[in-house]
Chemist: 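Let me give you the structure first, and then I'll get to my questions.
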2 protein chains.
Amino acid sequence: MPVMESAPVTPRARPRNCAGLRVGPRRPDGRDQYTISEVVEFTGLSAHTLRWYERIGLMPHVDRTHTGQRRFTNRDLDWLDLVSKLRLTGMPVADMVRYAELVREGPQTFPEREELLTAHREDVRRRIDELRSTLDVLDYKIDLYADARRAAEREHERG
Amino acid sequence: MPVMESAPVTPRARPRNCAGLRVGPRRPDGRDQYTISEVVEFTGLSAHTLRWYERIGLMPHVDRTHTGQRRFTNRDLDWLDLVSKLRLTGMPVADMVRYAELVREGPQTFPEREELLTAHREDVRRRIDELRSTLDVLDYKIDLYADARRAAEREHERG
DNA sequence: CGCTTGCTTGGAGTGCACTCCAGGTCTCTA
DNA sequence: TAGAGACCTGGAGTGCACTCCAAGCAAGCG
């Protein structure tokens, strides 16, 4: 039986940069406190998703105001940038949670972190190769259809 | 709200070729009838998945024996190869079903098929760019950990 | 003949990653 | 001080792509 994994998540419906991440307003300098809706703007993640990430341990403890509202810092935004990139390349959420745990545990987990990222890098490289090989098939098929179309057009001109 | 799509499915636990497809026994020449379990061997898809593909209209009508068992042809296997490649690159099953419908409708759907594949090719190219940009981040992080590790090793030698 | 193995079906179940809901609190503006 | 709007929570719901189940049929073997 094939063991399947679900993977890349591709945000749509907004301008994207070359990495496919949404391009929101740039973070202002000189601030270190952001509401959840500001973070939604910056990261393109939904507020639901941000809260869910925190619940499952994918966020390194977010500050709160005295009334319990979240205040994200620049560090949090940096972390979310990394998480978004890893998600985009199909790293399962469970693996990212593991990585977040290792980060919380301190510098003695450097080797394990390195290992985790190296394994993922291999995965990404493999996927790039897969995609490229499919690109060849796609090119071939598209050429066939384009040829057929051009032949039909010539036919039409003549007839 | 981010609109997400679920995507590439990556078979594991068996040798893979550069396209990430499972490498099963090669199809024998001179045959044009295969049982479902032979197709499982050749494609790496599960029997469940093959039956499910047929149910949802992703297969171009599979032959049956007089007792109702499926007999797949070489054409079916070729089609499954294409489908596997498209799945691997994250084409949603619904889009592939659409493509299968167009194929069933005949040559007058060439333009729409070309369009569909061209759009998907753009998607694949974008994803390759995404992956490459993440590879840079990964390289950077891994280098940091590797530097730390080497520094610790030198420390250990000296002390 | 009974047993095993492989196949059939419709429909239910699974896992992942969100996504939403109801009901409540807090803050801000008029 | 009233109302709008942003935020909070736990838990339920959603969509996708499988994945499995139960019950039954058919072929081959000792």
Side-chain angles (χ1 to χ4, degrees), chain A residues 1-13 22 33-41 43-59 61-72 80 83-98 100, chain B residues 1-13 22 33-41 43-59 61-72 80 83-98 100:
Chain A
M1 302 289 119
V3 176
M4 302 298 185
E5 72 190 1
S6 69
V9 136
T10 311
R12 296 225 170 148
R22 272 105 172 298
Q33 297 243 92
Y34 307 93
T35 65
I36 199 163
S37 58
E38 286 171 323
V39 177
V40 167
E41 284 301 295
T43 63
L45 298 166
S46 75
H48 293 304
T49 301
L50 290 168
R51 287 192 274 257
W52 180 66
Y53 277 1
E54 192 180 343
R55 247 194 287 183
I56 64 174
L58 190 45
M59 286 298 300
H61 184 73
V62 179
D63 291 346
R64 302 292 182 117
T65 63
H66 69 106
T67 59
Q69 295 198 356
R70 288 173 184 81
R71 286 299 175 266
F72 293 81
L80 284 169
V83 163
S84 296
K85 282 220 167 265
L86 294 178
R87 276 301 299 127
L88 218 43
T89 52
M91 184 183 278
V93 167
D95 289 6
M96 299 197 302
V97 170
R98 176 80 192 119
Chain B
M1 306 287 121
V3 176
M4 302 299 186
E5 74 190 3
S6 69
V9 135
T10 313
R12 295 227 170 145
R22 273 105 171 296
Q33 296 243 92
Y34 307 94
T35 66
I36 199 163
S37 58
E38 285 171 322
V39 177
V40 167
E41 284 301 296
T43 63
L45 298 166
S46 75
H48 293 303
T49 300
L50 290 169
R51 287 192 272 259
W52 179 66
Y53 277 2
E54 194 180 340
R55 246 193 289 183
I56 64 174
L58 190 45
M59 286 299 299
H61 183 73
V62 178
D63 291 348
R64 300 295 179 115
T65 64
H66 69 105
T67 60
Q69 294 199 0
R70 288 173 184 81
R71 286 299 175 266
F72 294 81
L80 285 169
V83 163
S84 296
K85 282 218 166 265
L86 294 178
R87 274 302 297 127
L88 219 44
T89 52
M91 184 184 279
V93 167
D95 289 6
M96 297 196 302
V97 170
R98 176 80 192 120

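Quick note on labels: first sequence line is chain A, next is B, and so on, each numbered from 1.
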Chemist: Using modelled atom types only, decide if a donor and an acceptor are shared between the side chain of B:Glu38 and the backbone of B:Thr35 within a distance under 3.5 Å.
Modeler: yes
Chemist: Taking only the side-chain nitrogens and oxygens of A:Arg70, find out if one of them lies under 4.0 Å from OP1 or OP2 of D:dC8.
Modeler: yes
Chemist: Between P on C:dG15 and CD1 on A:Ile56, what's the gap in Å once rounded to a whole number?
Modeler: 17 Å
Chemist: Among D:dC20, C:dC18, C:dC20, find the nucleotide with the atom closest to the side chain of A:Arg55.
Modeler: C:dC20
Chemist: So do the side chains of B:Trp52 and B:Val93 get within less than 4.5 Å of each other, counting heavy atoms only?
Modeler: yes
Chemist: With a non-hydrogen cut-off below 4.0 angstrom, is A:Thr65 in contact with a base, only sugar-phosphate, or nothing?
Modeler: nothing
Chemist: Could you state the OH-P distance from A:Tyr53 to C:dC16, rounded to the nearest angstrom?
Modeler: 15 Å
Chemist: D:dC18, C:dG11, D:dC21: which one has an atom nearest the side-chain heavy atoms of B:His48?
Modeler: D:dC21
Chemist: Evaluate the side-chain proximity of B:Arg51 to B:Ile36: yes if any heavy-atom separation is below 4.5 Å, no if none is.
Modeler: yes
Chemist: In terms of side-chain heavy atoms of A:Thr49, which of C:dT8, D:dA17, C:dT19 is nearest?
Modeler: C:dT19
Chemist: Roughly how many Å is it from CG in B:Asp95 to P in D:dC16, rounded to a whole number?
Modeler: 11 Å
Chemist: If you assign B:Met96 and A:Arg51 each to the DNA chain D nucleotide with the nearest heavy atom, which residue ends up on the more 5' nucleotide?
Modeler: A:Arg51
Chemist: Could you check if a side-chain atom of A:Arg64 sits within less than 4.5 angstrom of a side-chain atom of A:Arg70, using non-hydrogen atoms only?
Modeler: yes
Chemist: Rounding to an integer number of Å, can you tell me how far B:Phe72 CZ sits from C:dC7 P?
Modeler: 10 Å
Chemist: Kindly say if B:Thr67 contacts the phosphate of D:dA27, meaning a side-chain N or O under 4.0 Å from OP1 or OP2.
Modeler: no
Chemist: Of all the nucleotides listed (D:dC7, C:dC7, D:dC8), which has the minimum atom distance to the side chain of A:Arg64?
Modeler: D:dC8
Chemist: For a 4.5 angstrom cut-off between non-hydrogen side-chain atoms, does A:Leu80 reach A:Met59?
Modeler: yes
Chemist: Over how many whole Å does the gap from B:Arg71 atom CZ to C:dT8 atom C1' extend?
Modeler: 12 Å
Chemist: Does C:dT27 have OP1 or OP2 under 4.0 Å away from a side-chain N or O of A:His66?
Modeler: yes
Chemist: Atom CH2 of A:Trp52 to atom P of C:dC21: distance rounded to whole Å?
Modeler: 18 Å
Chemist: May I have the distance from A:Gln69 (atom CD) to D:dT9 (atom C1'), rounded to whole angstrom?
Modeler: 13 Å
Chemist: In whole Å, what is the span from the CG atom of B:Leu45 to the P atom of D:dC18?
Modeler: 8 Å
Chemist: Can you tell which of D:dC8, D:dA17, C:dA17 lies closest to the side chain of A:Ile36?
Modeler: D:dC8
Chemist: Nearest-nucleotide wise, let me know which of B:Glu54 and A:Ala94 is further upstream toward the 5' end of DNA chain C.
Modeler: B:Glu54
Chemist: Nearest to the side chain of A:Ser37, heavy atoms from C-beta on, is which of C:dC26, D:dA6, D:dT9?
Modeler: D:dA6
